[in-house]
Amino acid sequence: GYPLYVKSSTDTATIRLSDDDTNAFFNAKDGYLSMGEDTGLSANNLNIEMAAGAGMKVGIGTDSPQNESSGVVLHIHEGGGTHAAHINLSGGSGASGNQTGKLTFSDPGDPDDGVAFISSNIEGGGANPGGNLNFFTSTDGGGSANTVSQKMFISGSGEVGIGTTAPANLLNLSGSHVSGKGLLYLQGTDHSWMFLDTPTGTGDKGIGFKENDTEQWAIKIEGDDNTFNVTEAGTTRLQLIGTKISGSSTSTGSFGAVTI
């Protein structure tokens, strides 16, 4: 038997708990289980739809959880008309480097087998710490245990690392190249362009080539002089100034200006 069994002769069975300030209800009606401050289905309740053929859908802040895309089981709604609905994940010790929240995606045939997850770690600690985001994925294990590893990192100050958790600038890519495509491959559906833009004419624009973090070559426009430079280890080897080209050779030195 059951310690407590409630059965209604109508379509609703209700348990009510009350004190001087609050009424709490547990309701079963029309394939829904509702828990909250109102009797029956209400946007103020946690509503769980369990009707035959509908699958299980949970509504928080809504009495009609929607399945707008295949497989949605949780619908969170903020009905005040002022704020966005959000989920707050807060845990861990709060110390710098400690994980405070995590979303895990797992194999439906083996829920303990996570295939990807997103987590956030505290940066700095203290009363008002920062936080970063970490993205982990895994390749197909082919029947063996797969290995989940970090693929992308966003620091608290906004630096993005792909293949590295210590980006040295705004975007840092690290990893093995793909034959014929390199490390970064840009492909347009009609044209492919890449622009280097600065907010003022005094900013430098260019592309550098390094080996073991030492600059070998650079192609750049420095400041507002509209001079296009090709340099080797900091030494100018070719310049385009207006309609004239000048340059130097490592064997013979400067060969003067050439009019084009």
Side-chain angles (χ1 to χ4, degrees), residues 1-95 98-123 127-138 146 148 150-152 154 156:
Y2 301 94
L4 175 65
Y5 178 68
V6 178
K7 183 177 180 180
S8 173
S9 58
T10 64
D11 61 354
T12 303
T14 302
I15 298 175
R16 175 179 176 178
L17 304 174
S18 299
D19 61 15
D20 292 339
D21 301 312
T22 306
N23 291 318
F25 294 91
F26 295 83
N27 306 278
K29 179 180 179 180
D30 295 336
Y32 279 87
L33 174 65
S34 301
M35 295 169 279
E37 62 181 2
D38 292 329
T39 182
L41 285 173
S42 169
N44 294 321
N45 293 344
L46 168 65
N47 302 292
I48 304 175
E49 182 180 6
M50 299 180 291
M56 180 177 287
K57 296 195 290 287
V58 178
I60 300 177
T62 175
D63 56 7
S64 56
Q66 300 298 307
N67 189 359
E68 296 185 7
S69 63
S70 178
V72 172
V73 294
L74 175 62
H75 179 187
I76 301 174
H77 176 67
E78 200 292 311
T82 302
H83 304 290
H86 74 272
I87 299 173
N88 188 351
L89 303 179
S90 178
S93 69
N98 193 258
Q99 190 177 94
T100 186
K102 179 178 177 180
L103 293 174
T104 299
F105 306 85
S106 62
D107 176 2
D110 182 6
D112 289 335
D113 183 14
V115 298
F117 62 86
I118 302 170
S119 67
S120 177
N121 292 358
I122 296 293
E123 286 190 357
N128 297 287
N132 55 46
L133 283 174
N134 304 269
F135 298 81
F136 294 75
T137 62
S138 63
N146 60 356
V148 179
Q150 188 164 359
K151 301 300 192 302
M152 188 168 76
I154 304 177

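On a predicted model such as this, the values are computed, not experimentally measured, just so you know.
Here the straight-line distance linking atom OH of Tyr32 with atom CG of Leu46 works out to 12.0 Å at 0.5 Å rounding. Taking CZ from Phe136 and CG from Asn134, the interatomic distance works out to 5.0 Å, rounded to the nearest 0.5 Å. To the nearest 0.5 Å, atom CZ of residue Phe117 and atom CG of residue Leu103 are 11.0 Å apart. Atom NE2 of His75 is separated from atom CD1 of Ile60 by 10.5 Å, given to the nearest 0.5 angstrom. To the nearest 0.5 angstrom, Ile118 atom CD1 is 10.5 Å from Leu89 atom CG. Separating the CD1 atom in Ile122 from the CD atom in Gln99 is a distance of 10.5 Å, to the nearest 0.5 Å.
Residues Asn98 and Ser93 come closest through the heavy atom pair OD1-N, 2.9 Å. The two atoms that bring His83 and Glu78 nearest to each other are O-OE1, 3.0 Å, heavy atoms only.
Checked by atom type and distance alone, the side chain of Asn121 never pairs as donor or acceptor with a backbone atom of Asn132 at under 3.5 Å. Looking at Asn47, its side chain does come within 3.5 Å of a backbone N or O of Thr62 through a donor-acceptor pair. Ser106 contributes no side-chain N or O that, together with a main-chain N or O of Asp113, makes up a donor-acceptor pair within less than 3.5 Å. For the pair Ser119 (side chain) and Gly101 (backbone), a donor-acceptor distance under 3.5 Å is absent.
In the displayed structure, Leu17 atom CG is contacted under 6.0 Å by more than 12 heavy atoms of other residues, nucleotides or ligands.
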key: Working for side chain to side chain contact (heavy atoms under 4.5 Å, CB included), residues Phe135 and Ile154   = CA-CA 9 Å; Phe135 298 81; Ile154 304 177; 4.0 Å; yes
ask   = Do Met35 and Ile48 pass the side chain to side chain contact (heavy atoms under 4.5 Å, CB included) test, and can you show the C-alpha distance, the side-chain angles, and the key distance before you say yes or no?
value = CA-CA 9 Å; Met35 295 169 279; Ile48 304 175; 4.1 Å; yes
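Looking only at atom types and distance, the side chain of Arg16 has no donor-acceptor partner in the side chain of Thr14 under 3.5 Å away.
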